[in-house]
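To keep things clear, I will list the structure first and then write my remarks on it.
These numbers come from a predicted model, not from an experiment. Letters A, B, ... are given to chains in the order of the sequence lines, protein chains preceding strands, and every chain is numbered from 1.
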Protein chains: 2
Amino acid sequence: MIGQPPPERADAARNRQKIIEVASRMIAEHGADQLSLDEVAKEAGVGVGTVYRRFGDRAGLVWALIDEREHRFQQAFLSGPPPIGPGAPPAERIRAFLSAVVDRVMDQEDLFLLVELGSPKARFGGPYKVHHTHLAGLLAQARPGADARFLADALLASVNAYLIRYQRDERGMSVEAIKSALDDLALSVTGGPPTSRRRG
Amino acid sequence: MIGQPPPERADAARNRQKIIEVASRMIAEHGADQLSLDEVAKEAGVGVGTVYRRFGDRAGLVWALIDEREHRFQQAFLSGPPPIGPGAPPAERIRAFLSAVVDRVMDQEDLFLLVELGSPKARFGGPYKVHHTHLAGLLAQARPGADARFLADALLASVNAYLIRYQRDERGMSVEAIKSALDDLALSVTGGPPTSRRRG
DNA sequence: CATTGAATCGGAGGGTTCTCCGCTTATTTC
DNA sequence: GAAATAAGCGGAGAACCCTCCGATTCAATG
């Protein structure tokens, strides 16, 4: 989403590609929390300085890996079929979106966990801004008068990778149960049944 | 809240005290993000191994510092005067509690920021469990039939230190505005006005 | 091609977190 | 007191993140 005034040099592009390949493979083999940038550099045959020049820091590299699958996800909620895409009423799109975010996070759970313990810049950068803008737009329609941007942050905070993992592993909730509870929360926020509610 | 079968030895207690003192002073002088455990150890006149034996890791030490003010806060919502303490209706206590949590986080903002980038064990340990149990209890009363424990996690996720700081510094929201929006969210969740609502 | 200057590379090194384990000390028991 | 033993101590060192900057390489130009 940012223009690159001078196009990337050939060797730089080659190295970026190689680094991403190696990092993906090492994560698949040893798990994301074992990822050492020193080792990635050595394995990719470049200096560690090159890794940092290309990706800024550890979280930057992780975002690059996340981005590979992110585009398809964004297509779905920006221009895909309802209920997540345009066409369904806002409240319904919100619920479909949140459910999809849960799946999205589970899909690359380790990577999202890593990103979330990076710097704030990393946490709220990357795809977060896109998700937030989208959700805030829908909320503004579904619940005019409320602070849509705050609510968007609050809902996204409820689907952060750490919390989901905690609820799954420590509280023994299934992913379905999490989605159901989230659905209930979204219903409340968008003006659903005030005190009773239909079954999940 | 955990029994300690063998009481702590005198030298160990002395060292714990000394380490906490030194850490508090160093944070007051240089800021929490500059806190180096090596330096704390040297300054306290103990080996770095002693620091880790006593506090487990960096986040453990930070919790110990947070705990010093935590007790007074817990008194307030467990047995203090309404609306945060017993006596007020649950929905009102929830809103008062959330507002107080925001103040609590702002009070030791740097420390909460540090804790939140520790391991999950650190994040959901310590005071978190107490806050969660309290909030879930109130939610179960205010909104029977809903998944109170999930909702408690979701609301607490909305008041995490990173998010508050982000809203304050990047979005330019005042603490009052944050509290007001949070109040709105809590009203929705506890069965407040479905779509319109009174002004914050 | 040869030149040239800007972009890129790479790895030594500073600073940090945390582990490991032989040595020391407090406390209990006789 | 002295001996026994469990707990605690401490610092060397492994592993890691990231910075810095001289050496190198690319690609545009004549």
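Ring-plane geometry between B/Phe124 and A/Tyr166 is classed as parallel, the angle between the planes falling under 30 degrees on a 0 to 90 degree scale with a further cut at 60.
Residue order along DNA chain D, read from the 5' end via each residue's closest nucleotide, puts A/Val48 first among A/Asp11 and A/Val48. Taking for each of A/Gly49 and A/Arg53 the nucleotide of DNA chain C with the nearest heavy atom, the 5'-most of the two is the partner of A/Arg53. Each of A/Asp57 and B/Thr50 was assigned the nucleotide of DNA chain D with the nearest heavy atom; the assignment lying further toward the 5' end belongs to B/Thr50.
Note on B/Ala41: nothing from the nucleic acid sits closer than 4.0 angstrom, heavy atoms only. Residue-level contact check: A/Leu35 touches the backbone only, with heavy atoms under 4.0 Å from sugar-phosphate atoms and none from bases.
Following rounding to the nearest Å, B/Leu37 (CG) and C/dC18 (P) show an atom-to-atom distance of 7 Å. Distance, A/Arg54 CZ to D/dT19 C1': 16 Å, rounded to whole Å. If you measure from atom CG of B/Leu61 to atom C1' of C/dC18, you get 14 Å, rounded to the nearest angstrom. Atom CD of B/Glu8 is separated from atom P of C/dA26 by 14 Å (rounded to the nearest Å). Atom NZ in A/Lys42 sits about 16 Å away from atom C1' in D/dC18, given to the nearest Å. At whole-Å resolution of the value, NZ in A/Lys18 and C1' in C/dC9 are 16 Å apart. One atom, CG of A/Asp38, and another, C1' of D/dA14, lie 12 Å apart when rounded to the nearest Å. The CG-P distance, from A/Asp33 to D/dC17, rounds to 12 Å in whole Å.
Within the structure, a side-chain polar atom (N or O) of B/Arg58 is placed less than 4.0 Å from OP1 or OP2 of C/dT17. An OP1 or OP2 oxygen of D/dC9 is reached within less than 4.0 angstrom by a side-chain nitrogen or oxygen of B/Asn15. One finds no side-chain N or O of B/Ser36 lying less than 4.0 angstrom from the OP1 or OP2 phosphate oxygen of C/dG15.
If you check D/dC16, C/dT19, C/dT16 against the side chain of B/Tyr52, the one that comes closest is C/dT19. Of the candidates C/dA26, D/dA27, D/dC17, the closest approach to any side-chain atom of B/Arg14 belongs to C/dA26. Closest to the A/Val46 side chain, of the nucleotides C/dG10, C/dT8, C/dT27, is C/dG10.
For the pair B/Glu109 and B/Arg168, the salt-bridge criterion is met [side-chain N within less than 4.0 Å of a carboxylate O]. Under the 4.0 Å criterion applied to side-chain N and carboxylate O atoms, A/Asp147 and B/Arg171 are not assigned as salt-bridge partners.
Counting only distance, with no hydrogens or angles, the side chain of B/Asn160 and the backbone of B/Ala157 share a donor-acceptor pair below 3.5 Å. With hydrogens and angles disregarded, no donor-acceptor distance shorter than 3.5 Å links the side chain of B/His132 to the backbone of B/Ala152.
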